[in-house]
Structure formats: C-alpha cells, structure tokens
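Because only heavy atoms are used, hydrogens play no part in the values below, and waters and symmetry mates are left out as well, while side chains stay in. Chain identifiers are assigned alphabetically (A, B, ...) following the order of the sequence lines, protein sequences preceding nucleic acid strands; residue numbering begins at 1 within each chain. Because the structure is a prediction, the values reported are computed rather than measured.
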Amino acid sequence: MNGIIAGIIYLIGAPILGCLITGLDRKITARMQRRKGPPLLQPFYDVVKLFQKRTVVTNSLQLPLMICHLVFVMFSGFLFFEGTDILLTLFVMTVAELFLVLTAFSSSEPYSFIGAERELIMSMAYEPMIVLVLVGFFKASGSFHFADIAQSATPVILQMPLLFLGLIWALTIKFRKSPFDISLSPHAHQELVRGTASDFSGSVLGIMEISEWYDKIFLMGFVYLFFGFMGWWALVPVALVYFLEILIDNSSARLSWQYALKSSWIVALVLGTLNLIYFYIPR
Amino acid sequence: MVSFYALLLIPLVGALLSLLIKQGKAWQVLGKLLAACLVAATIGFVVQHHAVGQEFISLPSSLEGFPLDYVLLGGELLLSLVLIVISIKRKNILALLLVLTQTALTVVNDFLYKPGESDITKIFVTDRLSLIMVLIVGIVGALISLYAVGYMGNYHHHNPQVKDRRKLFFFILYLFLAAMFGLVLTDDLNWTHFFWEITTFCSFFLIGYNQDEVSNKNAFTALILNVLGGLGFTAAIMISEKVLGSASMSFIVQSKAALGSMGMLAVALLCFAGIVKSAQMPFTVWLLGAMVAPTPVSAMLHSATMVKAGVYLILRMAPLIGGTITGDMVALIGGLTFLGGSFFACSTSGSKRLLGYSTVANLGLIIACAGIGTYATIWAALFLMIFHAIAKSLLFLTVGVAGYQLNSLEIEDMDYLIVRMPLTAMLMLIGICGMFIAPFGMLISKWAALEAFIQLSGAVGPILILLLAFGSAATMFFWAKWMGKLLMVNLLPKNKLINERSMSFDEMGSMILLGALTVVVCVLFPLLSRVLVQPFTDLCFGPHELNSGNLIITSIMIGMIVVVPFLGLLIQKVAPVLMGKRYMGGAKTKDNGLTFENALKETSDMKLDNYYLGWVFSDKKGFMVFSIIAILLILALLGVSAL
C-alpha cells in the first residue's frame, strides 16, 4: 500500500518539482553565463503557452505517439517509486523512449529523422551503464526494489563508487546536457534545427516538456538510491549531482555522436567491470 | 494414441499428397485442409498429454518382432545415399567425405555399439518440453505451410527464372514437420538422430530450391556444417552406449552422478551438435546463407524447425550441464553469439539478413540460459523459445509479402509502409514489438534471464551480464530504426499505394493468425507458464515459487500498450488538430515534401536513410573476431568436459 501511495505522490509531485528544477537549472545556467536569466516559473509559463496554441501537427500519428510517450514515462516512474522490480522499470523506460523516437520518425523530414537516429544512438550509449548500475544495486543490497535498496544497511555509494561515476555520465546523456546534447538540446545553440523535436509544436511539444519533468525526477531517484542511508539528508548529494550536471553542461562543448557512443561504452565497460569485480571477490 | 499417430501421419500424408497432386486449385484447398488438420492434431495431442509428466508412448504390439532397427538403418542409409549421389554430381568433395564418415559411423554404431534391439515401448516419449515443441512445430509450422501455399504461386510469378519445383518443395516441407515431431518425441537417441539427419537433409533441399549458383553453394555450406554437428551427435551416442550402456535420453539425464568424464564428453558433444544446428558462432554462416531460399523456408528454419531442434537438444541437457564448466562454456558461446548477432544486425540493411542475425542472437540467449541450467534460466529459455517462434515467423511472413510487393527486401525501401500497406505494416510492427518491447514475452524472458545471471555466484555471471547489457542496447537500435521506417507518414500519390487485397487468402490469413497469436500468447502467458512451462522446470529442478507480482504488472502493460495508442488517436479525434507543413530547412518542396528543388533547380526525391554504424558493428571485420573466440570456447567445451 505504501508503495502505491509513493507512486501516486510521484505522479502528482514530479511535474511540479521537475518544473521547478528546470526553472532553477535555467536560472543557474544564466548566472554561470553572467546573465540574469528567466523567472523561476518560466518553464511553466512556456508550457501553458504551448497548450494555449492551436495544435498543428505534421502527420496524424504525431500526437497519439507523443501521448504514448508521456503515459509510459509516467508509468515507469510510478513503478519505480511504487517498488516494482527496478529492472522491469528500466524496460518500461525503454518503451517510453521508443515512443519519443517513433514520434520523431513519423514526421519523415530530415531534421527530425536525424534527430531520431541520434536519439537512438544516445540511448544505446547510456543503456549498458544503467543496466550495470541496476545490477550493482542488487549486488549491494540483495534486492531489486526501491524501498529495500534505499534502506540498505550498508551505504550503497561506498560499495559502488565507480558505478556512481558511470551513472553521472549516463545522466548527462539523459538530461541532454553538453557534451552529449547531440539529438536535441534545451539551449539555443543547435546544429540540427531542434533535432528530434524539430517538427513538434503546440501541445505535442508541451507534452514532451512535461514528460521531461517526469523523467528528471525519475532519474534523480536513481541518484537518491546511492544515498538512501542518509534519509532526507540524501537530497543534499542529489542536489549536488544536479548542480554538477549544470556545471558540466556549461563548461563543455558538444561532442560528435561517434565519440559520444564510443566513450560512453568504454566508460561503461571499464567502470562497470571494475565495480562488478569488487562484488564478485569472495569475502 | 490416436492423436500421436495423427501428429506423425498428417505431415507424412501431406508430403505424399504434395508429390501426387498437381499444383493448382485442388492443392490450394488441400493445403488449407492440411494446415487445419495439423493444428487440430497438435491441440488434440497437447490436450491429451498435458496433465502427465513423462510418459512413454508404446508402438502397437503388432510391431513386436518387426525389424525396426533395420528400418532405421535403411532410412539412414537412404538419406546418405541421396546426399552422396548429389555430392558426387556437384563435385563437392568435402560434403562427400563428411557424409561418408557419417554413414560409416552410423553403420559401426548400429552393428557394434548398440546394446540391443529398439524396444517398441521405449522409442517415443512425451513430456512438457516435448509438448511445448509440438505446439511450436504444429501451430507455427502449419501456419507457415499455409502461407507457403499462397506465397509460392506468387513467388514463381515474380521470379520466372526459377524452375517450378513446388511438388518437391511441399514434399520436403511436410517431411520436415514430420521429422521435427519425431525428433522432439523420441527418447532413444538413435531414433532422435535419425530424425535429426532428416532435418539436415530437408534443409539442404529447401535452401537449394532456386538451383542457382549461390543457392547451391549455401545449401552445401548448411549441409557440411550440419553433418559435422551430426558427427558429434553420433559420437555422443556411441560414447553413451559404451559408457552408460544405453542411448536413452531420459536415462542419461537421470544418471548425472554416474556420467564421469566420458559421459560428460558425450553430453558436451550433444551440446556441440545443438550449437551447430542452432547456428551459433562460429557456425552462423549456414543460417545466413539460407536466406537465398524463398521466404517460407526462412520462416520455417528460423521459427518452427531446424534451429529450434538444436536449442531443444541443449535444453534437454540443461539439468546435466547446469553448474558445471561444460555448462559455463555453453553459456558463454550463447552469450557471445547474442552480443555478436545483435551487433551485426545493427549494420545490416537487408531485412531477411537482419532477421537472421536477430534469430542467432536470440538463440544465443536461450542457449546461455540453458548452459546456466537453473530453474529461473530454463523458465526464461522456454519462454524465449516460444515467443521467438511466433514473432519471428510473423516477421518473416510479412517481410516476404512486402518483399515481392515492393520488389525489394531492403529496409531502406520500406519507407511509409504504414501508409502504403497498412495491414502488413501493422503486423510487422506487432512482430517487431514482440521481439523486443516490454511487456511482450521476449523482453520478460530477457529480464528473467538477466535476474538469474545476476544471482549467479561464479565468474561466468558478470561476463554474461556484460554481454547481455551491451547486446540488448544494440537490439533496441536496430529494431527501433526499422520501426521508424515503417511509421514514416505522409500523403503519398496513388501510384505509391499498394493494394493489399491482391495478396492471397492463405498469405493474409496466416499472417493475421500469427499476429493475433503474438498478442494472445502474451495475454495467456501466466496460464502457459502454469500449465506447461513450470511443470517442466519443476520436474527438472524441484518446485519453486515465481514472483507473481511482476506477471500482474506485465498484464497491466499489455493492456496499456494495446489501449494507449488508440486513446491517443481518440483524443486527436475529439480535439481536432491542424495539419501543418513539415520543416524542410527552407527548401522549395513539392508533394508534401516528397520532392524538392535542388541547387541545380532540378526536382529531387527526398530520401531518408538510416544509420548503420558500419565503423563499429560491421560483420565483415567483427565476424572473424567473434568466430575465433567462439572456436576457442568450443574447443574448451569439448576439452574440459573430457578431463
């Protein structure tokens, strides 16, 4: 029962919190660039405006597929906090990702198409790392469930420091931060118009923004699991990790997708293997 | 007993009839009838036997004293004779030598090693694993043969250069099904081996159907490799007869403690035969070469027959090899093949070849599970096998019709398929979803396999985890970009649209049934688990509890994945949207962006091509590396088992 309540709290709270974090992100980013930046609630105003516009789509599948994307993003986060097997949650996350890619493909115009291809390549880049992190969670806590891992007796971070670094790497991709904002960047400096989202407008784009808020909170949940032993204080390292992501975003230049894929896999292989070896050494 | 005879006789009758009856109207009716009978016999057989664990099926006592063993030997010699004649005719020395060795070994085995006459009560057996196999062969096989009735007519219409040998084609096709039933229902390995050789024989003819240079070459590659595997099989029989005094599969499986190193070598040799048959690295070539044959052949080889025979044999050995070094080696070969197959599929643009690599990868995963041989992995392996059979056959059948309608099997030519051939594209999408998306069975099984690998304590655990983690990341890439091609949407001119009504009833019907089956089996999956799969795993490893909570969530997800897209379409209906122009970077476009004016003021077609990442995933470079590692692992498999 507790699990379902946690899941429902996520469904209601995640967009609010996600919106605030995105607003704060823009504010901090602006300060790092010596700008004043938009008001904290700017992302909210943006989305409201998007929904007030007439919905213009370029094909009949765009809106339905985007709705599927949102529903599955919400569902994956719900399952995660509800306490379902985290590996299963990961697979639901993949389904959500797939729907976003298919929305972009359905546009059948060059920028969305390349954006979709790159989106796929980037998810191929981060997926092994996330799987290995989940494997690590089980090895550290003996369970695949959110609550058990969070309440694990031994601090998870101490058992999987390398996987933690790997997760930060993967999150940089997931949050679309530079140097990995390859398929779609939240900033104005684009290379493929707006990549994956080139053809989205109005409520289609609005739904995508909301699903990104959900996704953000869901992914921060992974970071939280490393510090579960600290209770509410765990939010401090979680916030620090997000700050680190903003810092990385503002201090690095975009890489080519080839390099992003190669480096991510090498990092996942090296960090993942080393950390797994630690778990398999007989003690 | 009636259902048992029906099961073996219906395909044999079908084989005979296809030789006698002319291709035409009558055959089309008969083909439908045979498929229906086959499905009915399969279901009848499974219903009759589903409640019992292991049960020997006795042949009628009137056969007592009948020289069954001579029938067996005669049959084997006949097969060899045909192959020898063809090898000589085509001047293939290697094939000739291998077939001769095989024949010699069989004769030596029959006269010197065999402990006694075949016992008519102990030849045939059925248990839950056999039933699962019978279901796959019977239902999927019947649907493919139904499809073939319509498809082959179209095939010869579109490929006039190929000689019409449909009589032989259907003869071999039904013989193949009969042999598969025999293979999964025999306990005496001598008989299993006989049926095993028939499947090799049938695949040789089917792959070489077109009789051009490439087909002949590939048919011989398949023959040579599979006879090599068959040699391992015969050697295993001889060893087990010598060491254990019996070639009964159930006896071998029960005498785990008494196996010793020689017994283990026999088991390893059987695994080797299975690895070759299911086209694992480095033997993958023969299955990829088999693509030259008409599509129903590929569907048959990949889903209902042939490769499933290899997996079946290894699954039988699973309780013996689980937790041994032999098992670890088998698991590593499977895991390596999973990684390699998934990687190479990324750089493949031909739809059939891609399906081939994906088959190889999935079989690799099944074999990895079988090699680990624990309760959870065998459970996962069985479901992988079931779902793979259904989804992969559906994919081959849809690719087949799309192929001749579009005049191309390239994925790059499948742009806008959802607009051009909506039904085929939808079915193809269901097939692809069935291959890799949660909540469809494949993904659930993959998840179960991963959880089982994580809980292993040995060194093989983390290696398999890494292979699986990187392999499945690649899986998403190659399937999703294919889906993307199919789901491109635009208003197309009339001449681009394809009239799907021009497909034959047989093609359409079998595809729709398989599509429905993919969804239904997902829904009924807890039932399937309780009635067939768990009883088998219980029998092998003792009863275990499975986490039912996750099964409930997958059921919710099945509902979601069916309902949510329609909900989206409904919302779009209720709140009408405006159709806008797509963004084309300011180019002067015409026909909704299907054409544009290029720099020379000429009209160019807009063409969007997928990424293939040849620089990382090319099979030209990678195949060698994977093969060398796999060969080392196979040597290790045979070596460590004999120690």
Which region of [X], side chain (C-beta onward) or backbone (N, CA, C, O), has a non-hydrogen atom less than 4.5 Å from a non-hydrogen atom of chain A, or is it both or neither?
X	value
B:Leu456	backbone
B:Phe566	neither
B:Trp615	side chain
B:Asp415	neither
B:Leu613	side chain
B:Lys581	backbone
B:Ile571	side chain

Check whether any side-chain heavy atom of [X] lies under 4.5 Å from a side-chain heavy atom of [Y], and answer yes or no.
X	Y	answer
B:Lys481	A:Glu117	yes
A:Leu98	B:Phe436	yes
B:Tyr611	A:Ile114	yes

Quiz item: Any residues in residues 582-590 of chain B near chain A, with a heavy-atom distance under 4.5 Å, and which are they?
Solution: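 When heavy atoms of chain A are the reference, residues 582-590 of chain B contributes B:Arg582, B:Tyr583, B:Met584, B:Gly585 within the under-4.5 Å range.
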
With only heavy atoms counted, which part of [X] is less than 4.5 Å from chain B, the side chain, the backbone, both or neither?
X	answer
A:Ser60	both
A:Val193	side chain
A:Ser107	backbone
A:Phe75	side chain
A:Leu79	side chain

List, one per line, each side-chain donor-acceptor pair under 3.5 Å for residues 255-263 of chain A, sequence neighbours excluded.
unit_1: A:Ser256; atom_1: OG; unit_2: A:Tyr259; atom_2: N; d: 3.2
unit_1: A:Ser263; atom_1: OG; unit_2: A:Tyr259; atom_2: O; d: 2.8
unit_1: A:Ser263; atom_1: OG; unit_2: A:Ala260; atom_2: O; d: 3.2

